Amino acid sequence: VKVTEETRTQSQQSFGDVMDLLVKAMALGGLRNQSPKFVGALMGAMADTTRDFIAQNPASAEAISKDGFSAFWNALTKA
């Protein structure tokens, strides 16, 4: 699979949009004093855990995915 310049530009734009959202959400919650890099590492760890649990229980993938996102979003936005 070849990554084109157009694909690279689109992915960078999407990542920038996600980072903007994270920074805005961080300003609201308990992680507001942390760096985006730290919050990104937490997000990655929670995503890895969510994927691991989905792999162990594929029948519950949708619920696990929703709960994983809710846990991260609440950690990010709750004061």
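Just so you know, these numbers come straight off a predicted model, no measurement behind them.
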Taken in chain and number order and not counting sequence neighbours, the residues that satisfy side-chain contact (heavy atoms from CB on, under 4.5 Å) with T49 are F53
Assigning hydrophobic clusters by single linkage (Ile, Leu, Val, Met, Phe, Trp, Tyr; side-chain heavy-atom cutoff under 4.5 Å), is V39 placed with F69? yes
Taken to the nearest 0.5 Å, the spacing of T50 OG1 from M43 CE works out to 10.5 Å
The reported gap from CE in M46 to CG in D67 (rounded to nearest 0.5 angstrom) is 10.5 Å
Sequence neighbours excluded, the answer for side-chain contact (heavy atoms from CB on, under 4.5 Å) partners of L42 is L31, F38
Of all heavy-atom pairs linking A61 and I54, the shortest is CB-CG2, 3.7 Å
| Got a sec: does the CD of E62 have more than 12 other heavy atoms crowding it under 6.0 Å? | no
Those residues at least two apart in sequence (or on a different chain) that pass side-chain contact (heavy atoms from CB on, under 4.5 Å) with N57 are A59, S60, I64
